[in-house]
2 protein chains.
Amino acid sequence: MRAITSPRVENISIGELSKLSGVNIETIRYYERIKMLPAPPRTATGRRVYGPAEKRTLAFIRRSRDLGFTLEEIRTLLDLGGPERASCADVHKIASAHLAKVRGKLSDLAKLEAILAETVAGCSDGTAPDCPVLDILDAGRQSD
Amino acid sequence: MRAITSPRVENISIGELSKLSGVNIETIRYYERIKMLPAPPRTATGRRVYGPAEKRTLAFIRRSRDLGFTLEEIRTLLDLGGPERASCADVHKIASAHLAKVRGKLSDLAKLEAILAETVAGCSDGTAPDCPVLDILDAGRQSD
DNA sequence: CATGCATCCTGTAGCGACTACAGGATCAAG
DNA sequence: CTTGATCCTGTAGTCGCTACAGGATGCATG
């Protein structure tokens, strides 16, 4: 979609795009290679030229990555939001499955935090003669 | 003299070790390759024979991995717990650094959960005409 | 003793999501 | 015109496994 009403066509280099989006240059090229991002037009000398559309897409990808979606999931999301603007239900399915995964991870991590905190506390400043941290890690499974 | 009744010298195969420890056979061999585990003795025909020591070490590794330590960290922990039984302070440093990382991840994940939950809720059953999930992902960065 | 199946062996390649080069080409400023 | 920043392609490395391929043993049964 070429911006008809948009006055200036904002042409930016990959370096600028990288700075603007917070995505590594190498990663942007990587996204292009694996077809997460469409290949942009080039200058006569072969440099990539990006416009607002790519900027938007990249921001979408980045945000979704931050939220822990895999590239595969994001690809699907992008497709769902594409020309067809298909079923919101599909999007909902992906997002809520992902939410479930996140919640699982969250509770695992919370448990882990508790154990670790306890472990570390047992050896508060390293003056203990035998290190309880190692013992706890060692004896995690009591029945050995 | 093979162990008949009481396994005084507990000699086990890699398969048994795998079952006992819950670590994949391939992974055990991988650990050996990258020197996380010492190479065990072999039978005349080249099969690995493990004893209680390896079992212990593997359990230690496994538990530490479950707690999210990297193999590199675990390697250090194993060294620290080795013949020298060196400074508990070092162990404490590693463990608490790791705890800090875990806490960071935990809070990130909690924020993420909140955003995702909200996002998903906005599209509770996919009957909305335009999908709010995509819009939210899209518009995460308001200033674009 | 032969058969057959489970288990083991080595070695290599693949995964996801990047990251880090090497070895050039081009651009913008002084 | 020279310098240094930026860009290009292509390949290989990272982490922590996992999955083969293609073969060699081990053990129970007929």
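Proteins come first, then strands; the chains are lettered A, B, ... in the order of their sequence lines, and each starts at number 1. What you are looking at is a predicted structure, and each value in this text was computed from that prediction instead of being measured.
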Does the side chain of [X] get closer than 4.0 angstrom to OP1 or OP2 of [N] through an N or O atom?
X: A:Thr27; N: C:dA17; value: no
X: A:Arg48; N: D:dT9; value: yes
X: B:Ser13; N: C:dT7; value: no
X: A:Tyr31; N: C:dA17; value: no

Open item on the list: Checking contacts here: which listed nucleotide (C:dT10, C:dT19, D:dT9) is nearest the side-chain heavy atoms of A:Asn24?
Closed with: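 Among the listed nucleotides, the one closest to the side chain of A:Asn24 is C:dT19.
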
**Prompt:** Nearest of D:dT11, D:dC8, D:dT18 to any side-chain atom of B:Arg33?
**Reply:**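 Taking heavy atoms from C-beta onward, the closest nucleotide is D:dT18.
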
Base, sugar-phosphate, or nothing for [X], non-hydrogen atoms under 4.0 angstrom?
X: A:Ile25; answer: sugar-phosphate
X: A:Ile14; answer: sugar-phosphate
X: B:Thr43; answer: nothing

Practice problem: Send over the distance from B:Tyr30 OH to D:dC20 P, rounded to a whole Å. | Solution: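 Going from OH in B:Tyr30 over to P in D:dC20 covers 19 Å.
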
**Q.** Heavy-atom donor-acceptor pair, A:Arg47 side-chain to D:dT6 base, under 3.5 Å
**A.**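 Side chain to base: pair found, below 3.5 Å.
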
Hey, are [X] and [Y] close enough for a salt bridge, meaning a charged N less than 4.0 Å from a carboxylate O?
X: B:Glu72; Y: B:Arg75; value: yes
X: A:Lys101; Y: B:Glu113; value: no
X: B:Arg29; Y: B:Glu26; value: yes

* Any chain of hydrophobic side-chain contacts (each under 4.5 Å) joining B:Val49 to B:Ile28? -> no

| So which one's nearest nucleotide on DNA chain D is more toward 5', B:Arg65 or B:Arg29? |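 In this pair, the answer is B:Arg65.
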
